Protein chains: 2
Amino acid sequence: MTGTPLSRSEAKDLTRRRLIRAAFAILDEEGEAGLTTVKVAKAAGIAQSSFYVHFKDRQDLLRALGDQAGERLRATMREARRRAREAPDDSERHRDTFRIPLEAICGHPELFRIGLRARHDPSSPLQGFAVETSAAYRAHLAADLAAMGFPTGTERDRRRLEMVADGITALTNAMAVGHIEGRYPDLEEVVDVLVAFSKGYLRLLPPARRAAGAE
Amino acid sequence: MTGTPLSRSEAKDLTRRRLIRAAFAILDEEGEAGLTTVKVAKAAGIAQSSFYVHFKDRQDLLRALGDQAGERLRATMREARRRAREAPDDSERHRDTFRIPLEAICGHPELFRIGLRARHDPSSPLQGFAVETSAAYRAHLAADLAAMGFPTGTERDRRRLEMVADGITALTNAMAVGHIEGRYPDLEEVVDVLVAFSKGYLRLLPPARRAAGAE
DNA sequence: AATTTCACCGATAGTACTATCGGTGAAAAA
DNA sequence: TTTTTCACCGATAGTACTATCGGTGAAATT
């Protein structure tokens with residue numbers, strides 16, 4: 001079947017990737033409680049004991065999953081920002097600021113679900129990762145809003161900006177969940193609603209700057 | 001110490017309540033993975049085996065927790081609606097539609113967290129409960145919006161209404177989490193932001209009705 | 001007063017998982 | 001070719017939890 005006889009290190013690496021892939025699938029389907037060395041090893045086609053050739057222990061696997069998920073997520077966010085900068089005209093660019101993250105989420109729904117779940121689970125070794133990721137995304141979005149002209153003079157201004165960023169994230173996530181669950185099949189309708197909500201917080205912009213972001 | 005010598009059934013009921021109280025505490029602090037018969041029984045001050053005097057098995061406890069959480073939640077929602085109807089003037093009533101659910105959530109943060117967590121956890125026996133609860137709340141909110149005058153003629157209208165309701169819930173939850181975590185200490189600031197977002201979706205109201213909800 | 005009920009106890013069988021250990025054969029190095 | 005390395009294997013010790021069982025004493029019933 002395979003034309004290439006794999007070298008030992010290549011074979012090991014392949015097995016490790018199979019383990020990680022299997023782990024993500026189990027995590028998504030059964031949750032963290034279902035993620036055992038027995039199941040992961042079996043799904044990857046090796047003996048349970050061989051799991052420990054690739055990972056020090058169960059925690060070590062979780063750490064690897066967190067690292068990889070974080071890496072994918074950061075790459076997706078970079079890509080989203082890049083694409084948003086390249087959007088043709090202003091109104092389409094505004095829609096893109098919602099459409100692009102939505103598409104990114106829907107591209108890796110399992111990763112998204114895992115993060116969403118770990119976010120509020122104190123027993124999850126991935127909670128730290130999820131909390132940091134959402135905090136980073138929030139700060140990131142707050143900076144974008146500040147660049148749009150939202151006031152940041154007082155402590156209260158900055159807090160409000162963080163709340164708005166937090167709100168946008170929550171809205172985006174909720175709509176993505178609805179789309180993934182099949183309740184909102186049309187992404188453009190979802191973007192319409194997000195744009196509608198955005199008209200609300202854009203009113204917090206000083207009047208002079210408002211034209212740049214809204215309408 | 002205690003003046004009353006308890007009857008047998010009273011004592012049993014007290015023990016059952018202690019078990020449920022302990023279970024909620026453990027669920028909140030350690031997540032579902034930490035909820036074992038050993039820990040619950042110990043925390044309630046009885047032997048592990050005596051757990052089965054009160055519950056058929058572990059599932060049965062989870063079911064009882066779900067029932068009780070659902071009951072508390074429905075009571076809170078009824079109370080919130082009652083208070084919202086009694087609000088003095090229109091602008092304050094509009095703020096109340098956000099403030100009251102927020103206060104309800106902050107009144108039982110552990111219940112809220114547990115629900116939030118179970119919502120996306122396929123391994124949780126509470127997932128069904130969480131999904132149904134959020135769907136019920138969404139439908140409920142959508143009905144309120146329809147009563148405000150949002151169009152519901154087409155399928156698309158109704159879908160949009162559901163998205164808006166979903167969005168409002170997500171915003172409220174996100175703000176409540178921020179408040180509970182200490183990031184947004186002032187609830188009035190939180191309400192300000194929710195009102196700002198609401199100005200956005202209120203634009204979807206037909207112009208004639210808009211004055212009733214906004215400003 | 002005699003009897004029954006039952007909430008609780010300690011002990012334990014059964015289950016599922018984690019992690020370690022010595023052995024094996026093929027790839028890699030000598 | 002000989003030796004070494006190492007990814008993988010089966011077996012198994014150790015751990016944590018679930019659920020059952022017979023026994024006990026005090027409350028409830030007769």
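The sequence lines fix the lettering, A, B, ..., with proteins before strands; numbering per chain opens at 1. Since we're looking at a predicted model, the values are computed, not measured.
With values rounded to the nearest 0.5 angstrom, B/F197 atom CZ is found 5.0 Å from A/I168 atom CD1. In this structure, A/D192 CG and A/Y184 OH are separated by 14.0 Å, a value rounded to the nearest 0.5 Å.
Here D/dT5 is the nucleotide among D/dA19, D/dA27, D/dT5 with the atom lying nearest to any side-chain atom of A/R8. The nucleotide whose nearest atom lies closest to any side-chain atom of A/S49 is, among C/dT20, C/dT18, C/dA11, C/dT20. Here D/dA19 is the nucleotide among C/dA19, C/dC9, D/dA19 with the atom lying nearest to any side-chain atom of B/Q48. In the set D/dG10, C/dC8, C/dG10, C/dC8 carries the atom at the smallest distance from any side-chain atom of B/V53. When distances are taken from the side chain of A/Y52 to each of D/dT18, C/dT18, D/dG10, the shortest belongs to C/dT18. Closest to the A/S7 side chain, of the nucleotides D/dC17, C/dC17, C/dA28, is C/dA28.
In this structure, A/E10 places its CD atom 13 Å from P of D/dC8, rounding to the nearest Å. Taking atom NZ of A/K42 as the reference point, atom P of D/dG10 lies 12 Å away to the nearest angstrom. Remark: C1' of D/dG10 and CD1 of A/I46 are 14 Å apart, rounded to the nearest angstrom. Whole-Å rounding puts the B/L61 CG to D/dA19 P distance at 11 Å. Between B/F51 atom CZ and D/dA19 atom P the separation is 8 Å, expressed in whole Å. Distance, B/K56 NZ to D/dT18 P: 14 Å, rounded to whole Å. D/dT20 atom P lies 15 Å from atom CZ of B/F55, rounded to whole Å. Atom NZ of B/K12 is separated from atom C1' of D/dA28 by 15 Å (rounded to the nearest Å).
Checking C/dG22 for Watson-Crick or G-U wobble geometry (two distances, each under 3.5 Å) identifies D/dC9 as its partner.
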*Report the C-alpha distance between A/E110 and A/R21 in whole Å, list the side-chain angles of each, state the deciding distance to 0.1 Å, and finish with yes or no for salt bridge (Lys or Arg N to Asp or Glu O under 4.0 Å).*
CA-CA 11 Å; A/E110 73 295 341; A/R21 172 185 295 264; over 6 Å; no
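The side chain of B/T37 places no N or O atom within less than 4.0 Å of a non-bridging phosphate oxygen (OP1 or OP2) of D/dC17. Taking 4.0 angstrom as the limit, B/S50 places none of its side-chain polar atoms (N or O) nearer than this to OP1 or OP2 of C/dA7.
A salt bridge does not link A/R74 with A/E132: every distance from a Lys NZ or Arg NE/NH1/NH2 to an Asp or Glu carboxylate oxygen is 4.0 Å or more. B/R99 and B/E92 are joined by a salt bridge, as a carboxylate oxygen and a charged side-chain nitrogen come within less than 4.0 angstrom of each other.
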